[in-house]
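Numbered from 1 within each chain, the chains take letters A, B, ... in sequence-line order. Computed from a prediction, not measured in an experiment: that's the story for all the values here.
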Amino acid sequence: MLDARFVRENIDILKRALEKRNYPLDLSGFLSLEDERLGLLKESEELRNKRNTVSGEVGKLKRQGQSTDKLIEEMKGVGEKIKAIDETLRVIEDKARMFLLNVPNIPHESVPVGKDETENVEVRKWGQPREFDFAPLNHWDIAETLDIVDFERGAKIAGARFAVMKGAGAKLERALMNLMLDLNTSKGYREIFPPILVNRESMTGTGQLPKFEAELFRIVDPEFYLIPTAEVPVTNIHRDEILREEQLPIHYTAYTPCFRREAGSYGKDVRGLIRQHQFNKVELVKFVKPEESCNELEKLTADAEAILQKLGLPYRVIALCTGDLGFSSAKTYDLEVWLPGQQKYREISSCSNFEDFQARRANIRFKREGKKGTEYVHTLNGSGLAIGRTAVAVLENYQQKDGTVVVPEALRPYMGMDVIK
RNA sequence: GGAGAGGUGGCCGAGCCGGUCGAAGGCAGCCGCCUGCUAAGCGGUUGUGGGGGUAACACCCCACCCAGGGUUCGAAUCCCUGCCUCUCCGCCA
């Protein structure tokens, strides 16, 4: 969320940002809404001031045993007036807040301008896609042959886009999870295992609500949302808190299952593990001082890359252009891993700097040493990494002609085997 | 699920038969004084958000004693609802 005051004082900056994002949003009503809001606020406050003064008077007079009837009579009317004004004020405030909650973040100046994903920019590449002397298979074919993933029974138990991992498949998930957490914690990230059901406030804090309700699984009674990413519970750890300067930066890593409706993606990636309603992910989350967030995004991205390097999986780093940037993000790098079965790079991590956008929604602040007042922290996060997709990448990149899969060196201690067969 | 207790400032903790309460007192923190150093002691000071104001400070106003409603001229204090915490009983991985 952007600051109301910032918006009304920088309406042109916002207008340009929305254009760059290719995000149609009518700003025209907002300023008059704010005018009205501030007018009513002033009126209400003046009346309250009067009431406070007179009520104090009444108290004094009563103690002196004097008559206060006229004053009380007069104040009755004032109280009603305040109530009436506050009622309209509340309606206006709700409107203003709703408006602000639906305004996306302003892209960082370093983000390439572009209309959609076709104008994203490749920043760098790592690793050479392997040359196969046979036609590499898709991971679902590999997995079915090895009997380590069962899509049919996943569908029977739950439905489409669910899978059962079996044997070495299940172990591969667990091994990847452990490898990632070990690697991340060795770099100073503190391991977190958070709730995976959260309340509405948390979903609003990180920006999933109110705009993206359709993408979430929800429990009705009692009301909970299933998290679509660990970003939600982990960022909300510090919701409504004022941190001390010396606590920053805070680096967390968390494994959680993630749940997504994938509404509107019918027909996309219907086969395989790429797009599931439930998947595992290890996440990296940072809370930092504003002046550090830019640099911290580079480091966070590098930390996610390190996992792919450790696994020997070729990938490229993409800077999302303004038109493809997520709603809450000021800047995002996507990591795309090479999938021989599809002959394509596919997204496996998304690393973003939200600057103060989430912090303002979630009210996460910090206090500088010896300085008055508070500032919003900057929040960042990135997958490090999506486990299901990493498993896919391992299966496809390390497959052999006979249908078996070589276990990457780094994963062997965790798998307890050299080859999946 | 049943019965009870409670949620106050960075922390502890008063107030809770309505007005003098943004809230006593203590601790912690900061500034000064004092002492050869340390400890002790003395004086002062220390919340957040919003609106106005200023070149910037200052300053003024409003709100905030879990949250949301209500009663009242006036609510931390009374009433209702919700959330959370604790204790006992039951149930349970």
If I take atom [atom1] in residue [X] and atom [atom2] in nucleotide [N], what distance separates them, rounded to the nearest angstrom?
X: A/Leu40; N: B/C62; atom1: CG; atom2: C1'; value: 15 Å
X: A/Gln64; N: B/U20; atom1: CD; atom2: P; value: 15 Å
X: A/Glu93; N: B/A63; atom1: CD; atom2: P; value: 14 Å
X: A/Ile85; N: B/C62; atom1: CD1; atom2: C1'; value: 13 Å
X: A/Phe366; N: B/G10; atom1: CZ; atom2: C1'; value: 18 Å
X: A/Glu223; N: B/G82; atom1: CD; atom2: P; value: 16 Å
X: A/Asp240; N: B/A67; atom1: CG; atom2: P; value: 11 Å

Do any pairs count as a salt bridge (charged side-chain N to carboxylate O under 4.0 Å, His left out) and have a residue in [range], sequence neighbours left out, and if so which ones?
range: residues 292-303 of chain A; result: A/Lys187-A/Asp303, A/Lys286-A/Glu296
range: residues 157-169 of chain A; result: A/Asp147-A/Lys166, A/Asp150-A/Lys166
range: residues 238-252 of chain A; result: A/Arg244-A/Glu246, A/Glu245-A/Lys289

What distance, rounded to whole Å, do you find between the two [atom1] atoms, one in [N] and one in [M]?
N: B/G51; M: B/G41; atom1: P; value: 44 Å
N: B/A56; M: B/A39; atom1: P; value: 43 Å
N: B/G18; M: B/C65; atom1: C1'; value: 15 Å
N: B/C79; M: B/G1; atom1: C1'; value: 28 Å
N: B/C64; M: B/A75; atom1: C1'; value: 14 Å
N: B/G2; M: B/U81; atom1: P; value: 15 Å
N: B/C60; M: B/G19; atom1: P; value: 25 Å
N: B/U38; M: B/A55; atom1: C1'; value: 47 Å

- Task: If the plane angle is over 60° it's perpendicular, under 30° parallel, otherwise tilted; pick one for A/His238 and A/Tyr252.
- Result: parallel
- Task: Keeping to residues at least two apart or across chains, list the side chain to side chain donor-acceptor pair (under 3.5 Å) pairs with something in residues 406-421 of chain A.
- Result: A/Asp182-A/Tyr414
- Keeping to residues at least two apart or across chains, list the side chain to side chain donor-acceptor pair (under 3.5 Å) pairs with something in residues 2-21 of chain A. A/Arg8-A/Glu34
Provide the Watson-Crick or G-U wobble partner of [N], both distances under 3.5 Å; none if there is no partner.
N: B/C78; answer: B/G70
N: B/C59; answer: B/G52
N: B/A24; answer: none
N: B/U87; answer: B/A3
N: B/G32; answer: B/C42

- Message: If you take the centroid of each ring, where Trp contributes its six-membered ring, are A/Phe212 and A/Phe327 closer together than 6.0 Å?
- Response: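 Yes, close enough.
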- Report the residues that fulfil salt bridge (Lys or Arg N to Asp or Glu O under 4.0 Å) with A/Arg275, sequence neighbours left out, ordered by chain and then residue number.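 With sequence neighbours excluded, A/Arg275 shows a salt bridge (Lys or Arg N to Asp or Glu O under 4.0 Å) to A/Glu262, A/Asp269, given in chain and number order.
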- Note on the structure: Residues passing the salt bridge (Lys or Arg N to Asp or Glu O under 4.0 Å) test with A/Asp324, sequence neighbours excluded, are none
- Message: What verdict does the salt bridge (Lys or Arg N to Asp or Glu O under 4.0 Å) test give for A/Arg200 and A/Glu213, after you've listed the backbone C-alpha separation in whole Å, the side-chain angles of each residue and the deciding distance to 0.1 Å?
- Response: CA-CA 10 Å; A/Arg200 171 161 270 280; A/Glu213 175 119 38; 3.3 Å; yes
- Item | Residue-phosphate contact under 4.0 Å: A/Asn49 side-chain N/O, B/C61 OP1/OP2 |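 No, A/Asn49 has no side-chain N/O under 4.0 Å of OP1/OP2 on B/C61.
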- Query: When you check the phosphate oxygens OP1 and OP2 of B/G18, does a side-chain N or O of A/Arg63 lie under 4.0 Å from one of them?
  - Reply: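 Indeed not, no polar side-chain atom of A/Arg63 lies that close.
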- Message: Does the protein touch nucleotides 47-53 of chain B at the base, only the backbone, or not at all? Give it as B, S and - per nucleotide, heavy atoms under 4.0 Å.
- Response: -SSBSS-
I'd like a table of atom pairs between the protein and nucleotides 70-75 of chain B - only N or O on both sides, under 3.5 Å - with the distance next to each one.
unit_1	atom_1	unit_2	atom_2	d
B/U71	OP2	A/Lys83	NZ	3.2
B/C73	O2'	A/Ser55	OG	3.3
B/C73	N4	A/Lys62	NZ	3.4
B/G74	O4'	A/Ser55	OG	3.2

- Inspect the surroundings of CD in A/Glu109 and state if more than 12 heavy atoms from other residues, nucleotides or ligands are less than 6.0 Å away. no
